[in-house]
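Report on one structure; see the data block that follows.
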Amino acid sequence: MSINITMPALSPTMEEGKLAKWHVKEGDNVSSGDVIAEIETDKATMEVEAVDEGKIGKIVVAEGTENVKVNAVIAVLLTEGESAPSAAPAPAPKAAEAPKLEAPKAAAPAPGSAASGSAVVSPPPKAAPAAMNGGRVFASPLAKRLAKDAGIDLAAISGTGPHGRVVKSDVEAAKSGKTPLKAAPAATPSGGATMAGGLTKAQVLALYPEGSYDIVPNDGMRKIVAARLTESKQTVPHFYLTLDCKIDALMDAREQINAAAPLRDGKPAYKLSVNDFVMKAWAAALMKVPTANATWAGDSILYHKHADVAVAVAVPGGLFTPVVRACETKSLRQISEEVKDLAGRARNKKLIPADYQGGTSSVSNLGMFGIKHFSAVINPPHGTILAVGAGEERVYADKGQVKTGQFMTVTLSCDHRAVDGTLGAELLAAFKALIETPVMMLA
């Protein structure tokens with residue numbers, strides 16, 4: 001009996017992924033544990049192993065196919081004595097749809113759902129144009145293909161063909177800006193279908209001369225980042241607390257520790273960064289103020305027993321937030337090594353879901369870019385995120401005397417549902433005391 005190989009769920013929240021590469025072809029024999037494919041999610045590329053042994057009878061989903069649903073059949077495995085099936089399950093839709101597909105319906109996507117591709121889905125207008133019937137836009141096949149390629153919603157084009165049918169010249173006129181598009185209510189900005197101010201992709205393109213820009217389609221990571229941060233700003237009531245930390249003692253301690261590092265092959269065995277101290281101090285602060293180490297969970301608040309601190313890592317096209325688990329229990333050197341490992345695997349897209357899921361708070365450090373101050377967006381379900389600016393020499397007053405010292409500005413973003421203003425201030429004060437007196441991290 002043939003066995004269906006299905007799209008695996010690589011994380012509890014995964015709904016679809018990209019079949020990046022096949023390591024086998026039809027007719028190949030495989031054994032349990034053999035790597036047969038690579039699956040790409042928004043966060044990582046992971047290998048898929050065969051569970052059973054047999055012969056690959058049919059590859060249903062071609063490599064490079066995006067938006068393959070979890071549990072969809074991607075290949076058929078034949079057991080001993082079986083021949084290739086005459087008919088295989090229908091392949092998952094490819095990223096580039098054939099022109100024969102119907103135009104998008106004029107119904108708004110469900111709140112929180114992600115709109116895929118470049119087709120714009122808009123709520124139905126109050127008065128349906130002549131070219132629409134029951135939510136369907138009538139257009140020639142060529143007009144549909146041209147509109148799809150240009151990212152234009154057919155429902156926004158006034159048709160000049162028979163009975164209001166949209167034809168090629170209508171799409172070209174809309175694309176060049178000669179014919180204005182019909183106004184449509186802004187779609188829910190869950191997957192990037194609308195831009196700032198509710199503008200659609202077509203409306204944005206109409207603002208700029210053709211040929212003055214390059215269009216780069218958003219990959220899975222960019223779509224997920226856009227959706228999650230939009231959701232965060234729309235649903236999480238942020239408030240911000242900022243203070244300056246004097247880091248002369250930290251810089252001295254860092255210099256002494258790095259100078260004492262043993263040599264391995266002529267190089268220091270380790271080199272601590274300012275961010276390693278920040279991670280340690282932030283984890284210790286969360287444990288000193290445990291009611292701020294919190295996550296909002298609807299009808300409840302979770303108070304965590306450990307400080308699982310995520311660190312923002314920028315990669316081309318987006319960012320990762322891998323988590324240092326029980327960060328408060330680890331030494332500065334352990335934190336340094338773990339962050340370097342996580343950051344390296346993040347940039348190579350080799351993280352597994354366990355590396356970046358969960359966490360109780362985050363740290364985002366832009367100090368290495370010279371940024372003095374910024375406010376970070378909370379990464380749900382975290383209750384807080386600490387934004388760290390650059391360390392710089394400043395003039396300050398001390399008991400009537402003018403002095404200079406190294407200072408660093410930090411800003412705490414809090415989810416007001418779980419962390420109130422006074423609690424956030426207490427947490428930030430605990431961090432300030434630790435970062436300004438690093439020896440306290442050892443207590």
Side-chain angles (χ1 to χ4, degrees), residues 11-13 43 112 224-225 227-243 245 275-313 319-330 335 338-339 342 353-365 374-389 409-436 440-441 443:
S11 72
T13 58
K43 294 292 186 182
I224 293 295
V225 169
R228 284 181 60 82
L229 296 186
T230 299
E231 179 185 5
S232 177
K233 291 296 286 186
Q234 288 181 336
T235 63
V236 177
H238 289 61
F239 73 90
Y240 310 95
L241 303 170
T242 300
L243 53 72
C245 300
N275 196 64
D276 299 329
F277 284 85
V278 169
M279 292 282 289
K280 178 68 175 180
W282 188 239
L286 288 166
M287 300 310 294
K288 286 181 177 291
V289 189
T291 48
N293 191 26
T295 294
W296 178 257
D299 61 353
S300 308
I301 296 178
L302 308 183
Y303 295 106
H304 303 280
K305 298 178 181 179
H306 288 287
D308 297 332
V309 181
V311 56
V313 178
L319 75 160
F320 287 101
T321 51
V323 181
V324 178
R325 309 286 174 181
C327 189
E328 81 283 359
T329 67
K330 296 176 179 177
I335 292 171
E338 189 165 342
V339 169
L342 290 169
D355 291 328
Y356 55 79
Q357 290 180 342
T360 65
S361 184
S362 301
V363 168
S364 181
N365 191 340
F374 70 104
S375 300
V377 181
I378 293 172
N379 181 29
H382 300 172
T384 54
I385 183 171
L386 184 71
V388 182
T409 299
V410 295
T411 299
L412 175 61
S413 304
C414 298
D415 181 346
H416 213 322
R417 299 170 301 178
V419 180
D420 294 324
T422 302
L423 188 58
E426 184 181 352
L427 175 61
L428 201 54
F431 171 79
K432 177 180 172 71
L434 289 160
I435 206 71
E436 290 189 340
M440 290 177 59
M441 299 183 200

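Any value given below was found using the heavy atoms of this structure, including those in side chains, with hydrogens, waters and symmetry copies removed. Keep in mind it's a predicted model, so treat the numbers as computed, not measured.
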| remark: Contacts of Phe374 meeting ring-ring contact (aromatic ring centres under 6.0 Å, His included) (sequence neighbours excluded), chain-then-number -> none
| side-chain hydrogen bond (donor to acceptor under 3.5 Å, both in side chains) partners of Asp276, counting only residues at least two apart | Ser273, Ser336
| request: For Phe277, enumerate each residue passing the ring-ring contact (aromatic ring centres under 6.0 Å, His included) test, keeping only those at least two apart in sequence or located in another chain. | output: none
| request: Answer yes or no: is there a side-chain heavy-atom contact under 4.5 Å between Ile435 and Val410? | output: no
| Which pairs, with at least one residue in residues 279-303 and sequence neighbours excluded, count as a ring-ring contact (aromatic ring centres under 6.0 Å, His included)? | Trp282-Phe431
| said: I need the full list of salt bridge (charged side-chain N to carboxylate O under 4.0 Å, His left out) pairs touching residues 411-421, with sequence neighbours left out, sorted by first then second residue. | reply: Asp415-Arg417
| said: Suppose the criterion is side-chain hydrogen bond (donor to acceptor under 3.5 Å, both in side chains): which pairs have a residue in residues 422-432, not counting sequence neighbours? | reply: Lys432-Glu436
| query | How would you list, by chain and number, every residue that makes a side chain to side chain contact (heavy atoms under 4.5 Å, CB included) with Thr295, sequence neighbours excluded? | reply | Leu302, His304, Pro381
| query | Partners of Asp308 by side-chain hydrogen bond (donor to acceptor under 3.5 Å, both in side chains), sequence neighbours excluded? | reply | none
| remark: Sorted by chain and number, sequence neighbours left out, side-chain hydrogen bond (donor to acceptor under 3.5 Å, both in side chains) with Ser413 holds for none
| said: If the condition is ring-ring contact (aromatic ring centres under 6.0 Å, His included), which residues does His306 pass it with, not counting sequence neighbours? | reply: none
| said: Restricting to side-chain hydrogen bond (donor to acceptor under 3.5 Å, both in side chains), what partner residues turn up for Ser232, sequence neighbours left out? | reply: none
| field | Under the side chain to side chain contact (heavy atoms under 4.5 Å, CB included) test, residues paired with Asp355 that sit two or more places apart | value | Leu342, Arg345, Leu351, Ile352
